[in-house]
Amino acid sequence: MPVLVTAKLPADVTKVTLKLQAVAPGKYVRKADAEYEKDWTDLPMRDDGKEGDEKAGDGVFSVRVPATYQKHRWLLRYRVTATDGAGKALRFPAADDTCPNFAWWCNAGPATWTGSREPGKVLPLAFSAAFLNTLQPLHLLARADDVAKSQWDGNFHKQKQQGTVVYRGIVYDHIQYSNRGQGSAHIAGKNKWALKFARGHDVPMVDHDGVPFPVSCDSLDLNPGGSTPYLPVHRGITGLDEVLCMRSYRLAGVPSPQATWVQWRVVTGADEVAAKDQYAGDLWGVYIALGEMNPKLLADRPLADGLTVSIQSGIKHTPKGMTDAQKEWDKFLNGMRSNPKEDWWRQNLDLPTYFSFHALNRLLGNVDLRPDGNHGYYRRPDGRWAPIPWDMDMTFVPRHHQPGYIDAANCLQHPAIALEYRNRAREVLDLFAADGTDRGGQVGQLVSDLGSALTPKGFRVDWPRLDEARWNHHPRINPKGAYFVNPATGDHFGGAWKRTLATADFAGFRKYLIEFCTDVRPVKNYAPNDGDQRGYGWGYLAHEAKDDKIPAKPAVTRPKANGYTFEAAAFTSPAGAKSAALEWRVGRVGQKGWYELANHWRKDVAEGRSVEIPREVFAEKGEYRVRARWRDATGRCGNWSAPVAVSVK
């Protein structure tokens with residue numbers, strides 16, 4: 001059907017014309033190409049109340065673009081030209097705009113895609129249009145040779161190519177894209193991408209559940225999700241490890257990039273689906289979309305404007321008005337590396353955030369972390385710096401590899417700071433790693449909630465199987481045939497190890513992640529670098545959290561079943577210390593978005609063993625957990641009590 005284009009223009013304009021450029025799939029025209037300024041068709045626009053124009057003489061000019069232009073997967077660019085009363089030529093958008101045209105894209109919906117994990121040996125699976133509509137698509141329109149150079153030719157490392165992105169029905173024209181990464185930039189086959197949108201044309205992203213990112217993105221990174229050749233034992237995990245990690249840090253209060261899944265579709269040819277080649281066509285499978293190190297994207301509620309720095313690539317965001325960003329960063333970095341005293345750390349490092357970061361690195365097996373790589377920092381307005389996790393595609397490994405810590409770990413050389421870290425480490429174990437069930441408010445629930453995005457109900461196929469069919473034996477993949485191999489062996493700097501899944505499918509990977517983070521090992525012989533996947537992250541963190549002098553874990557009761565007063569057992573200390581305070585907390589659990597690791601309500605009580613929690617803490621319908629722990633006069637905190645459940649109907 002025809003498309004009506006309207007334009008509200010200044011008074012006294014004449015010669016109003018719609019200039020239209022139709023770009024066929026496989027014939028992409030870059031802004032830098034000579035064809036870009038040549039291939040336009042003129043369609044006169046009218047303001048006479050006819051042929052689709054609503055009202056004569058109202059300054060709104062209209063034209064119907066014939067139905068013959070509306071073809072599946074075609075890009076329609078347009079601009080409006082006119083002459084004003086003084087005879088001056090007008091053009092909308094302006095010629096110097098970063099995107100000097102408007103555009104729409106014709107999309108009749110995805111075609112069924114069929115593929116096999118091993119063509120010629122394993123029967124193919126069909127992925128229907130209805131299934132493909134269960135995960136949000138992100139389209140790139142580009143030239144095939146540009147894509148090939150960007151992704152697989154090391155001579156074009158990080159060189160920007162021109163293309164067009166379509167997201168949620170909106171065209172973002174004249175974007176730049178390139179490969180990303182260091183050692184694995186071109187060798188995995190399914191590689192990393194970087195997208196940079198035209199200035200002033202940011203993209204309002206949403207996550208896989210439709211929840212908007214806190215602010216629009218001026219750039220976006222795409223990760224392949226388990227495709228790094230350095231960890232082929234996780235092929236098939238489809239990025240659940242990375243999204244889980246980023247969400248875990250975020251729940252713990254660590255500034256962390258937004259992470260979600262998209263269906264990546266790259267339009268470089270005439271055919272959406274190739275009948276004789278499952279590796280050709282638009283569908284590239286599942287990728288993880290990551291926001292950049294912008295303070296407004298690093299938490300569910302935008303953080304205060306502050307300096308952010310990548311340890312590898314330098315300053316990422318400079319707050320308004322700061323003129324000495326590099327100086328501030330150098331000062332902090334050099335200070336960390338100068339063996340500073342305890343007071344320096346307390347004045348310059350956001351210690352509570354660092355404790356959460358370090359604890360989760362241990363729990364999640366973040367073995368590729370190192371002082372010179374795979375993290376960043378955010379400088380808060382008070383001058384304290386908080387770590388930012390980055391590059392989480394080598395996690396859940398029960399062997400040492402890179403050091404597994406950053407420069408800020410030197411703060412733990414000070415006994416008082418190390419004691420505070422152990423308090424937080426035990427808290428992370430209690431609130432996040434003690435429950436592997438899928439509705440427990442902890443790691444099991446988070447894995448279940450996230451994994452459901454890749455396993456939509458009502459279908460016999462899932463997104464991990466699609467990704468396997470798309471890439472398992474792709475001509476470019478390295479190594480081939482690695483998806484869902486079970487068991488599989490890995491070899492890292494700390495030694496070799498064997499990864500075993502309960503089942504050779506995505507459900508097996510979900511179980512693997514939960515058991516890595518929880519106390520499931522039959523014999524409690526946990527030790528760092530022991531190579532045993534069963535409870536390895538839990539055991540490593542428990543090893544660092546151990547303190548025989550902490551107060552005993554109290555039991556908590558609710559004297560009145562319908563009241564909000566709670567009471568804890570008396571303080572006891574194996575070390576004979578005196579009590580300092582009774583800490584109380586309320587967590588929310590049992591529904592998507594409610595996880596006990598996130599702070600909901602806390603209070604310290606200096607005297608007595610009871611607390612009255614305000615009724616408004618339980619205002620929303622759902623499940624809550626009330627816990628308490630004792631803190632002694634040395635600053636040691638015991639374990640959190642078993643929870644008392646409060647159900648609000």
Side-chain angles (χ1 to χ4, degrees), residues 25-26 28 73 105 107 109-117 119 124-127 129 131-153 161 163-167 172 175 177-181 184-195 208 220-229 235-239 242-243 260-274 277-290 393 453-454 461-478 480 482-483:
Y28 185 74
R73 298 169 61 246
W105 191 59
N107 184 9
T112 295
W113 184 82
T114 301
S116 166
R117 73 178 308 273
L125 297 173
F127 299 86
F131 172 80
L132 294 172
N133 282 325
T134 64
L135 186 62
Q136 59 175 340
L138 181 67
H139 289 81
L140 172 69
L141 318 182
R143 291 172 57 118
D145 54 346
D146 288 349
V147 169
K149 288 186 297 188
S150 172
Q151 284 291 290
W152 300 307
D153 188 339
Q161 310 295 332
T164 298
V165 158
V166 183
Y167 179 64
Y172 300 89
I175 67 104
Y177 66 91
S178 63
N179 69 297
R180 283 179 45 248
S184 63
H186 298 278
I187 64 175
K190 190 186 184 197
N191 299 320
K192 299 177 180 180
W193 297 69
L195 309 180
H208 50 273
L220 199 67
D221 290 340
L222 299 181
N223 281 1
S227 190
T228 172
R235 288 276 170 90
I237 204 166
T238 323
E242 296 179 66
V243 178
T260 190
W261 288 283
V262 295
Q263 172 188 174
W264 185 227
R265 302 181 73 90
V266 182
V267 182
T268 57
D271 296 323
E272 178 182 359
V273 176
D277 183 1
Q278 69 178 54
Y279 305 116
D282 296 358
L283 183 63
W284 277 54
V286 184
Y287 281 73
I288 302 160
L290 291 165
D393 61 359
L454 300 178
V461 293
D462 57 33
W463 284 98
R465 286 299 181 194
L466 181 148
D467 214 56
E468 175 192 36
R470 182 62 177 78
W471 288 101
N472 193 41
H473 279 277
H474 189 284
R476 298 278 191 177
I477 200 70
N478 175 35
K480 288 180 171 59
Y483 276 74

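Positions are given from 1 along the sequence.
Shown here for T112 and A126, the closest heavy-atom pair between the two residues is CG2-CB, 4.5 Å. Between A453 and H208, the closest heavy-atom pair is CB-CD2, 3.5 Å. In plain terms, the two heavy atoms of A188 and P229 that are nearest each other are CB-CD, 3.5 Å. Heavy-atom minimum distance, T114 versus P124: CG2-CB, 3.6 Å. Taking each heavy atom of V273 and A111 in turn, the nearest pair found is CG2-CB, 4.0 Å.
Residues satisfying the side-chain hydrogen bond (donor to acceptor under 3.5 Å, both in side chains) criterion with W471, sequence neighbours excluded, are absent altogether. Taking the salt bridge (Lys or Arg N to Asp or Glu O under 4.0 Å) definition, one finds that E242 meets it with nothing, sequence neighbours left out. Residues satisfying the side-chain contact (heavy atoms from CB on, under 4.5 Å) test with A270, not counting sequence neighbours, are none. Scored by the side-chain hydrogen bond (donor to acceptor under 3.5 Å, both in side chains) test, W463 finds T134 as partners (sequence neighbours excluded). With sequence neighbours left out, the side-chain hydrogen bond (donor to acceptor under 3.5 Å, both in side chains) criterion links D153 to N155. Scored by the side-chain contact (heavy atoms from CB on, under 4.5 Å) test, S150 finds Q161, Y177, N179 as partners (sequence neighbours excluded).
Between N191 and R476, the side chains place no donor N or O within less than 3.5 Å of an acceptor N or O (distance only, hydrogens not considered).
No donor-acceptor pair closer than 3.5 Å links the side chain of T164 to the backbone N or O of L141. With Q278 contributing its side chain and A469 its backbone, the two residues share a donor-acceptor pair below 3.5 Å. Under a 3.5 Å cut-off, the side chain of Y172 and the backbone N or O of V166 do not form any donor-acceptor pair. For the pair R73 (side chain) and N107 (backbone), a donor-acceptor distance under 3.5 Å is absent. Without hydrogens or angle criteria, N478 side chain to I187 main chain gives a donor-acceptor distance under 3.5 Å.
With a 4.5 Å cut-off on side-chain heavy atoms, Y287 and W261 do not count as touching. For the pair T238/E468, no side-chain contact is recorded, criterion being any heavy-atom separation below 4.5 Å from C-beta on. V267 places a side-chain heavy atom less than 4.5 Å from the side chain of W105. Side-chain contact between D271 and D282: absent, with no pair of heavy atoms (C-beta onward) separated by less than 4.5 Å. Contact of the P110 side chain with the N133 side chain is registered, since non-hydrogen atoms from C-beta on lie closer than 4.5 Å. Contact of the L220 side chain with the W193 side chain is not registered, since no non-hydrogen atoms from C-beta on lie closer than 4.5 Å. L222 places a side-chain heavy atom less than 4.5 Å from the side chain of L195.
Within the model, atoms CG of L290 and OG1 of T260 stand 9.5 Å from one another, a figure rounded to the nearest 0.5 Å. Separating the NZ atom in K190 from the CZ atom in R235 is a distance of 9.0 Å, to the nearest 0.5 Å. Here the NE2-OH distance, from H473 to Y483, works out to 11.0 Å after rounding to the nearest 0.5 Å. The line from OH of Y167 to CG of L138 is 7.5 Å long, rounded to the nearest 0.5 Å. In this structure, CG on L454 lies 7.0 Å from CG on L135, to the nearest 0.5 angstrom. From I288, atom CD1 reaches atom OG of S227 across 10.5 Å, with rounding to the nearest 0.5 Å.
Using a 4.0 Å cut-off between a side-chain N of Lys or Arg and a carboxylate O of Asp or Glu, K149 and D146 qualify as a salt bridge. Between K192 and D221 there is no salt bridge, since no side-chain nitrogen of the basic residue lies less than 4.0 Å from a carboxylate oxygen of the acidic one. The residues E272 and R265 are annotated as salt-bridged, a charged nitrogen and a carboxylate oxygen being separated by less than 4.0 angstrom.
Aromatic pair W152/H186: ring centres not closer than 6.0 Å.
Applying the ring pair (Phe, Tyr, Trp, His ring centres under 6.0 Å) test between W113 and each of F131, F127, W284, Y279 identifies F127 as the sole match.
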(request) Could you walk me through whether L125 and L466 pass side-chain contact (heavy atoms from CB on, under 4.5 Å), step by step? (result) CA-CA 8 Å; L125 297 173; L466 181 148; over 6 Å; no
